[in-house]
2 protein chains.
Amino acid sequence: MDLSTTGTRRDRQRAATVAEIKAAARKLLVEGGASAVGLRAVARELGLSAPALYRYFASHEDLISAVIADLYDELTAVLVALRDEDAEADLGTRLFLVAGGLRDWALAHPAEFGLLFGAPVPNPLADGHELTPNHQAAMRFGAVFKDLVAQVWHQQPFPSPSDESLGPELVAQLQQKSEYFDGMPAGAVYLALNYWTRLYGLICMEVFGQLHWALEDAGAYFQAQLYEIGEALGLDCPLPE
Amino acid sequence: MDLSTTGTRRDRQRAATVAEIKAAARKLLVEGGASAVGLRAVARELGLSAPALYRYFASHEDLISAVIADLYDELTAVLVALRDEDAEADLGTRLFLVAGGLRDWALAHPAEFGLLFGAPVPNPLADGHELTPNHQAAMRFGAVFKDLVAQVWHQQPFPSPSDESLGPELVAQLQQKSEYFDGMPAGAVYLALNYWTRLYGLICMEVFGQLHWALEDAGAYFQAQLYEIGEALGLDCPLPE
DNA sequence: CGTTAACTGTTAACGGTGTTCACCAAAGCG
DNA sequence: CGCTTTGGTGAACACCGTTAACAGTTAACG
């Protein structure tokens, strides 16, 4: 959509100002971390007074919420670009590329990553809660991985644990997600979940410095782990150079 | 050590006040999350004026740093108690107990857990940094798991990946930790690290709500994962009831 | 014992935050 | 043109962490 030709002249100016505000907020975020992006600081950045921002965002929380949504979409775009970069790549290498891309993005943008994935997330399934835009953006992000894993499965089903080995209550929960995972059985959903939890946990630990005590450069460890969890999905690992 | 009979009368009163302050801080932490434990709020809690707290802590950051250290020690005590509860238990079940105990503690004290493990940790190996008391407490905590895994290894070495499969640079880093892991070879250190990263990542995701979209009760999934990562250490899983 | 010093508390104040209010100028529209 | 909406302002409120100046209590020492 071309925002610059949508609506009246004032609407366009308004959208431009909103974009400026979010850009300033993000600049402060990268330069000084999450605590540096304050309402007054953002206003100062573009030569406005603090109350002026309330014409564009209902509150400080709304502002950072908006940049979070933007960051989700931006990260998602980076990952899909990586996924579709090589038209001849098979699904396995695409999954490797996307996973590595997520780690690279996280390491290159630690403050942004912390904003997206470091803060506790409220349970959206609790009744009364509407699905917030941020949550929807997060789902679109997660769908990149989900789609890839589901495609891998449908192209060549990987061996997955039996229902008996997982236990009935876990199987019951996993089967609820079978539809979301394009009909994959419980055991396959379990492996998909396993893939995501290990990838996410690993990246979080590295970005948040929880691995410093053990590894000075977690890159090699990450590659090894990626190979391991890829193997569980029946994938061949691209050789480390 | 019996603090109540150490030093002069004033020293004892001072220690008592320090304990009161930390208790109030923790109460606010539990009730309202990390953002609720402010200097003035703590002072209000015990009927003091805010500047009075500066007689006991150099800054607000020092205060929460002190409660973090206490929380580390408390959590460590809980885990060692769990480890030593059953004198006849073998190392494998002890490891299961401690891992489950960590999850239980995290779920029962989410705010405290977030304070300990949710915030990015500065790299202590960067030159100039002394080992902060918090870091030492964190190391004592981590040693509970490290000791158990090392004992498991020395009792019966589990099959571990070869140096060739891990790659030279990863092996080089792992071997640097061989001494810390009581002489375990690189492959075994890798599995120990694997155990910790997966356990930590899983608990973080559950506590911080990052698993809500997939599982309403992650308990069964946690058990299955615990079994899986225990298997890698050559352990038998206690049957789920 | 009296004197002195250290300790523990106070109030006032500074600069910072997010937020609301009353006001005002300019842009757009009938 | 007049009127309404929009986007800006400065003043103010309540809170925050922190510092300074000051007072009362308590321990220590000659």
Side-chain angles (χ1 to χ4, degrees), chain A residues 3-29 31-68 111 114-115 119 134, chain B residues 3-68 111 115 119 134:
Chain A
L3 290 175
S4 62
T5 63
T6 301
T8 88
R9 190 170 299 149
R10 264 220 290 233
D11 283 359
R12 281 184 275 120
Q13 170 116 17
R14 181 178 179 82
T17 309
V18 167
E20 266 188 72
I21 295 175
K22 290 193 288 192
R26 185 157 171 202
K27 179 190 171 198
L28 293 170
L29 174 64
E31 287 176 356
S35 69
V37 43
L39 205 72
R40 289 179 138 94
V42 173
R44 220 176 289 130
E45 198 72 18
L46 28 152
L48 286 181
S49 65
L53 298 188
Y54 282 83
R55 304 289 174 187
Y56 301 92
F57 296 94
S59 71
H60 177 241
E61 189 185 347
D62 269 37
L63 204 180
I64 61 175
S65 199
V67 331
I68 287 180
L115 205 56
N134 279 355
Chain B
L3 291 174
S4 63
T5 64
T6 301
T8 89
R9 187 170 301 148
R10 263 221 289 232
D11 284 358
R12 281 184 276 120
Q13 171 114 19
R14 181 178 179 83
T17 308
V18 167
E20 267 188 71
I21 294 174
K22 291 194 287 192
R26 186 157 170 201
K27 180 191 170 198
L28 292 170
L29 174 66
V30 180
E31 290 177 351
S35 68
V37 44
L39 205 70
R40 288 180 137 97
V42 173
R44 220 176 289 129
E45 198 72 18
L46 27 153
L48 287 180
S49 66
L53 297 188
Y54 283 83
R55 304 292 175 189
Y56 301 92
F57 297 93
S59 70
H60 176 241
E61 189 185 347
D62 269 36
L63 203 180
I64 61 175
S65 198
V67 333
I68 286 180
L115 205 56
N134 278 355

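Residue numbering restarts at 1 for every chain, and letters A, B, ... go by the order of the sequence lines. Values below: all heavy atoms of this structure, side chains included; hydrogens, waters and symmetry mates excluded.
- Between Ile64(A) atom CD1 and dT17(C) atom C1' the separation is 14 Å, expressed in whole Å.
- For the residue pair Ala43(A) and Leu53(A), the shortest heavy atom distance occurs at N-CD1, 3.9 Å.
- What separates CD1 of Ile21(A) from C1' of dG7(D) is a distance of 11 Å, to the nearest Å.
- In this structure, Arg12(B) atom CZ and dC7(C) atom C1' are separated by 16 Å, rounded to whole Å.
- Residue Leu48(B) contributes atom CG, which lies 17 Å from atom P of dT18(D) at whole-angstrom precision.
- Within 4.0 Å of Tyr54(B), counting heavy atoms only, lies at least one base atom of the nucleic acid.
- Contact of the Phe57(A) side chain with the Leu39(A) side chain is not registered, since no non-hydrogen atoms from C-beta on lie closer than 4.5 Å.
- Taking atom CG of residue Asp62(A) and atom P of nucleotide dT20(C), one finds them 11 Å apart after rounding to whole Å.
- Between the CG atom of Leu39(B) and the P atom of dG16(C) there is a distance of 19 Å, rounded to whole Å.
- Rounded to whole Å, the distance from CG on Asp11(B) to P on dT8(C) is 8 Å.
- dC21(C) is paired with dG10(D) under the Watson-Crick or G-U wobble criterion, all donor-acceptor distances under 3.5 Å.
- For Ser49(A) and dG8(D), the shortest distance from a side-chain N or O to OP1 or OP2 is not below 4.0 Å.
- Arg14(A) has a side-chain polar atom (N or O) that falls below the 4.0 Å cut-off from OP1 or OP2 of dG7(D).
- Under the 4.5 Å side-chain criterion, counting only non-hydrogen atoms from C-beta, Lys22(A) is not in contact with Tyr56(A).
- Nearer the 5' end of DNA chain C, as judged by each residue's closest nucleotide, is the contact made by Ala52(B), out of Ala52(B) and Ala41(A).
- Residue Ser59(A) is in sugar-phosphate contact alone, with no base atom involved, counting any heavy-atom pair closer than 4.0 Å across all strands shown.
- At least one side-chain nitrogen or oxygen of Tyr56(A) sits closer than 4.0 Å to the OP1 or OP2 atom of dG8(D).
- Remark: side-chain polar atoms of His60(B) are paired, donor with acceptor, to backbone N or O of Val37(B) under 3.5 angstrom.
- The phosphate of dT17(C) (OP1 or OP2) has a side-chain N or O of Arg44(A) nearer than 4.0 angstrom.
- A donor-acceptor contact under 3.5 Å links the side chain of Arg40(A) to the base of dG18(C).
- Rounded to whole Å, the distance from CZ on Arg55(A) to P on dG10(D) is 14 Å.
- Considering all non-hydrogen atoms of both residues, Leu115(B) and Val67(B) come closest at CD2-CG2, 4.0 Å.
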